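Whatever order the structure lists them in is the order used to number ligands and atoms, beginning at 1. Just so we're clear, the structure is a prediction, and the values are computed from it rather than from any experiment. Positions are given from 1 along the sequence.
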Amino acid sequence: MPGFELFGDEERREVNDVLETGILMRYGFDSSRKGIWKAKAFEEAICKTFGCAFAQLTSSGTSALTTVLAALGIGAGDEVIMPSFTFVASFEAVLSTGAIPVLADVDNTLTLNPESVRKAISSRTKCVMPVHMCGSMADMDALMEICKERKLLLLEDACQSIGAKYKGKWLGSIGHAGAFSFDFVKTITCAEGGAVTTNLEDIYTKCDGYTDHGHTHIGSDRGAELHPFIGYNFRISELHAAIGLAQIRKLDRFLAIQKKNHNQLKNILSQIPEISFRTIPDPAGDSCTFLSWFLPTEELARAAAAEMKEQGILAGNFYWYDNNWHYLRKWDHLKNTQTLNNLNEPQKKALLKLNETSFYASDAIISRCISTQIGLLWTEEQAKEKGEKIVRAVKKALHASAVKS
Ligand SMILES: *Cc1c(COP(=O)(O)O)cnc(C)c1O
């Protein structure tokens, strides 16, 4: 998965271009920058690569989500439906706009269950935000139909699934807008950065201003620009953008390696009849950053994870049910409204209500799931060895459970 594994001369060359001029900021200084515009070039590459009309770089994936939610007009009193299984950044962004994150169940796609989304819709719902978790996609046809029928905005959190496709379209380019992250552990990285993608010019123009204190970016005198609305500073630097530019050019290579290693691992794990795999709405579009698999019960999944830990092979394998950052079971800070400053009352009420809400449908999925991260540097031999070690650990867990019963 992580692009940092193949960091090299290409990235160093792009960064050096920026160091030569010393113009580290993406805007202005036109005469001193000698025609070097890395953020602009990276945005153009994003549009070209992912088939979207507009891209706005930001300082992180979290700020990309915050920015696009604001640009979509989502704020105090509005509800955004999102999954119970995601990285905390998804709800952080919603809360930061003043809106309410409404959590819906996931199914064995590891993404939003469309039926659960339908049940979560209220008169205050404004947006559905699927999160394309662990390299692969939500059931976009079903979600698009719901959004069309109920006149809701569709925002794709594609931070973990750069390079994945659904029915021929890149994730992040299907809904009203999408968000990418280029943080250090993502498929392509620029250390810290993110992007909003959209085909709607109006949304793009708002994102462009919002990430830079409301600047219009019209004319060549920055100080004289107008501020039609209040914005913030979520700008990316030229140094970060330079690295991203080098990485996006390597994306095809990353994806090809991931597919190969993923398929090899999947073949090995398929030997065990008790293992089943994540449902992928369009298998050909999987970016293959992870192989996500299930055991029949929570007890068995837990035992397999424990056995993998015992054997020292748990690194790179994620048992999400016990993970502090990706599943709502451990989001006590969210459920107890542990914030540094005041939330608005509707937010507080909605979050406290999470304590009384049952997510047993999500629990039944996540408690049985382990995701194995796919390395870019694995040799065929190493991939085989990793797979065989997982198989041994799972067989041991299955055997121990059979003996007990
Ligand atoms: C990484 C991630 C983000 C946030 O990205 P940062 O660049 O780390 O702020 C948002 N959503 C998901 C699903 C992520 O995995």
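For residues 174-183, the set of pairs meeting the side-chain hydrogen bond (donor to acceptor under 3.5 Å, both in side chains) definition, not counting sequence neighbours, comprises D183-K186. Annotation: side-chain hydrogen bond (donor to acceptor under 3.5 Å, both in side chains) contacts involving residues 39-50, sequence neighbours excluded, comprise R26-E43.
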Scan the side chains in residues 239-247 for donor-acceptor partners under 3.5 Å anywhere in the protein, sequence neighbours excluded, and list what turns up.
{"unit_1": "H240", "atom_1": "ND1", "unit_2": "S237", "atom_2": "OG", "d": "2.6"}
{"unit_1": "Q247", "atom_1": "OE1", "unit_2": "T189", "atom_2": "N", "d": "2.9"}
{"unit_1": "Q247", "atom_1": "NE2", "unit_2": "G3", "atom_2": "O", "d": "3.1"}
{"unit_1": "Q247", "atom_1": "NE2", "unit_2": "E11", "atom_2": "OE2", "d": "2.9"}

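The side-chain heavy atoms of I370 and F318, taken from C-beta on, include no pair separated by under 4.5 Å.
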Can you produce the list of protein nitrogen or oxygen atoms under 3.5 Å from a nitrogen or oxygen of ligand 1, alongside each distance?
{"unit_1": "ligand 1", "atom_1": "5 (O)", "unit_2": "S181", "atom_2": "OG", "d": "3.2"}
{"unit_1": "ligand 1", "atom_1": "7 (O)", "unit_2": "G61", "atom_2": "N", "d": "2.7"}
{"unit_1": "ligand 1", "atom_1": "7 (O)", "unit_2": "S181", "atom_2": "OG", "d": "2.7"}
{"unit_1": "ligand 1", "atom_1": "8 (O)", "unit_2": "D183", "atom_2": "OD2", "d": "2.6"}
{"unit_1": "ligand 1", "atom_1": "9 (O)", "unit_2": "G61", "atom_2": "N", "d": "3.4"}
{"unit_1": "ligand 1", "atom_1": "9 (O)", "unit_2": "T62", "atom_2": "N", "d": "2.9"}
{"unit_1": "ligand 1", "atom_1": "9 (O)", "unit_2": "T62", "atom_2": "OG1", "d": "2.5"}
{"unit_1": "ligand 1", "atom_1": "11 (N)", "unit_2": "D157", "atom_2": "OD1", "d": "3.3"}
{"unit_1": "ligand 1", "atom_1": "11 (N)", "unit_2": "D157", "atom_2": "OD2", "d": "2.9"}
{"unit_1": "ligand 1", "atom_1": "15 (O)", "unit_2": "Q160", "atom_2": "NE2", "d": "2.9"}
{"unit_1": "ligand 1", "atom_1": "15 (O)", "unit_2": "K186", "atom_2": "NZ", "d": "3.1"}

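Relative to the six-membered ring of W331, R329 misses at least one condition, a distance below 6.0 Å or an angle of at most 45° to the axis.
Taking the six-membered ring for Trp and the full ring otherwise, F182 and F42 have centroids separated by under 6.0 Å.
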